[in-house]
Protein chains: 2
Amino acid sequence: MTTELSHGEMGANIAASLRESILAGRYKPGERIKPAELTEQYRASRIPVRDALRLLESEGLVTSVANTGAWVATLSVDDLTELYLVREHLEPLLLRMNVPLMSDDNIDELQQLADAMELSDDVERFLRLDREFHLSALRHAHTSMLSNTVLGLWNRTQHYRREATRQFFTGHDRSVHHDHHLIVNALRHRDEEEAEHVLRRHIRRSRLELSRHPEIFAAT
Amino acid sequence: MTTELSHGEMGANIAASLRESILAGRYKPGERIKPAELTEQYRASRIPVRDALRLLESEGLVTSVANTGAWVATLSVDDLTELYLVREHLEPLLLRMNVPLMSDDNIDELQQLADAMELSDDVERFLRLDREFHLSALRHAHTSMLSNTVLGLWNRTQHYRREATRQFFTGHDRSVHHDHHLIVNALRHRDEEEAEHVLRRHIRRSRLELSRHPEIFAAT
DNA sequence: TTTGCTCTGATTGTATGTAATCTGCCCTAG
DNA sequence: CTAGGGCAGATTACATACAATCAGAGCAAA
């Protein structure tokens with residue numbers, strides 16, 4: 001569905017579309033992005049496409065080299081664990097700030113997401129629910145910069161989370177779901193301390209798990 | 001001094017120069033940036049200038065509105081305290097990662113910076129030394145993302161740190177220097193825990209101080 | 001006097017053309 | 001057969017031209 005666009009947001013729209021494609025996995029890390037394809041796909045000139053690529057580059061989703069080209073960004077093991085380390089220190093803080101701002105209905109929705117996740121046996125569905133669970137618990141505080149930073153961390157690590165989920169989905173690790181329910185319970189009791197703590201350990205566990213499994217990067 | 005530039009870094013160079021001007025205070029928050037001036041100043045066309053502005057926008061130093069113009073970014077009290085809150089959680093972590101990588105010479109240099117800062121009675125000199133002290137304690141770990149994030153936090157808050165220093169420089173608050181020496185001592189003993197903790201409290205005190213003095217924003 | 005509209009000048013977004021740079025292949029020398 | 005240099009093709013950075021949008025001045029009506 002193409003909506004009417006006003007002058008000046010064509011670059012942003014191309015970026016949004018490309019971002020969505022990258023996050024959905026239709027573009028994979030290391031894959032080359034050809035501006036020519038985008039210009040004809042969006043019926044735009046090279047300049048909005050260029051703007052879009054530079055925007056995504058600033059978000060860390062694209063890497064470009066002068067006079068050479070642009071690729072979907074790749075992460076090394078060290079990069080990935082570094083991003084998780086930052087997440088581990090920022091996201092629990094943001095969650096804490098959200099606790100007093102969430103309604104009971106918001107918490108009910110989180111509960112439903114956690115339940116649905118537990119029953120899900122499809123990787124993509126699990127990923128979507130997991131992302132929705134975490135991000136919707138963070139969007140109530142109007143902290144533009146902290147929120148954007150955390151969102152960026154999620155986006156940059158999205159592909160590797162997908163890969164890890166694919167490889168370990170069969171392993172019946174219940175701790176993830178356990179954490180989610182612990183978080184929901186903490187939210188119900190408005191226990192900021194507990195929510196922050198559980199989320200920090202939750203992310204920390206993911207980080208250690210990832211650093212223990214470098215084979216996730218084999219697909220590169 | 002103009003060095004020979006290769007094709008493809010003109011935008012980055014304009015951005016670097018503009019960034020330096022903003023950090024030095026030659027551009028003030030809210031001040032309009034006129035692309036026409038930059039094009040003739042750098043003998044470049046509008047496109048590299050545009051690239052530079054978009055790059056600085058992604059760093060949070062510039063705010064631009066479509067079809068309207070670009071200004072040096074301004075921060076509200078809430079924005080500023082939010083940035084300090086993030087700094088408070090990331091910078092001590094980064095410092096900790098640096099501790100085992102610093103040489104005795106590095107620590108000596110920090111000691112000299114702390115001493116010089118204590119004797120300095122000029123605002124600009126103090127600012128330069130303070131920035132140098134903190135950033136040079138962080139540049140040993142090759143953590144591209146975390147380092148860049150922290151550097152960005154310093155840059156975005158630079159002007160308000162200058163303003164706060166101007167207004168409170170006479171107040172003989174020794175705690176800042178005390179913290180710096182505590183940090184140097186912790187580094188000498190390779191006490192990561194202590195270094196991290198002192199820096200966290202150091203930033204936290206600055207944050208609370210700023211939130212208590214909204215008059216810093218009067219000059220806007 | 002104040003409020004609202006219109007129009008104009010200025011400024012930016014977009015399109016196209018030109019020049020510089022890089023990658024990969026091919027050829028040659030060892 | 002291998003390694004190094006150079007050439008060609010492709011791709012991007014930069015310059016210029018044009019179209020769309022916005023802000024403010026000026027005027028008219030209440």
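Letters A, B, ... are given to chains in the order of the sequence lines, protein chains preceding strands, and every chain is numbered from 1.
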Check your understanding: Just how far, in rounded Å, is P of D:dA20 from CE of A:M10?
Key -> 11 Å
Check your understanding: Going by an N to O cut-off under 4.0 Å, is there a salt bridge joining A:E124 and A:R166?
Key -> yes
**Study point:** Value in whole Å for how far the C1' atom of D:dA10 lies from NE2 of B:H7
**Key:** 14 Å
Check your understanding: Would you call the rings of A:H134 and A:H180 parallel, tilted or perpendicular if under 30° counts as parallel and over 60° as perpendicular?
Key -> perpendicular
Revision key, fill the gap. Assign each of B:A36 and B:I47 the nucleotide of DNA chain C bearing its closest heavy atom; nearer the 5' end lies the nucleotide of B:A36
Exercise for review: Give A:A44 one of three labels, base, sugar-phosphate or nothing, depending on what nucleic acid heavy atoms sit under 4.0 Å from its own.
Suggested key: sugar-phosphate
Check your understanding: Could you state the CZ-P distance from A:R32 to C:dC22, rounded to the nearest angstrom?
Key -> 14 Å
Review point. Taking the side chain as C-beta and beyond, is there a heavy-atom pair between A:Q158 and A:I22 under 4.5 Å?
Key: no
Practice item. Quickly work out the B:I14 CD1 to D:dA13 P distance and round it to whole Å. Key: 14 Å
Exercise for review: Only counting residues at least two apart or in another chain, list the ones meeting side chain to side chain donor-acceptor pair (under 3.5 Å) with B:E57.
Suggested key: B:S64
Check your understanding: Looking at the side chain of A:P35, which of C:dG13, D:dT12, D:dC22 is the nearest nucleotide?
Key -> D:dT12
Check your understanding: Can you name the ring pair (Phe, Tyr, Trp, His ring centres under 6.0 Å) partners of A:Y42, sequence neighbours left out?
Key -> none
Exercise for review: Flag the pair A:T63 / A:T74 as yes when at least one side-chain heavy-atom distance between them is below 4.5 Å, and no otherwise.
Suggested key: no
Exercise for review: Determine: side-chain N/O of B:S45 to OP1/OP2 of D:dA15, distance under 4.0 Å, yes or no.
Suggested key: yes
Point to revise | Separation of atom CH2 in B:W71 from atom C1' in C:dT12, rounded to whole Å | key: 11 Å
Review point. So which of residues 56-65 of chain A are in contact with DNA chain C, with a heavy-atom cut-off of under 4.0 Å?
Key: none
Point to revise | 5′-ward residue of the pair B:A66/B:P48 relative to DNA chain D | key: B:P48
Exercise for review: Figure out the CG/P separation between A:L53 and D:dT11, and round it to whole Å.
Suggested key: 14 Å
Point to revise | Student check: side-chain heavy atoms of A:N106 and A:S103 closer than 4.5 Å | key: yes
Review point. B:T68 has a side chain; which of C:dG13, D:dC14, D:dA23 sits nearest to it?
Key: D:dA23
Review point. Over how many whole Å does the gap from A:E9 atom CD to D:dA20 atom P extend?
Key: 16 Å
**Study point:** Residue mapping more 5' on DNA chain C - nearest nucleotide basis, A:N67 or B:R46
**Key:** B:R46
Study note, to complete from the structure: note: B:D51, atom CG; D:dT12, atom C1'; distance rounded to Å ~ 12 Å
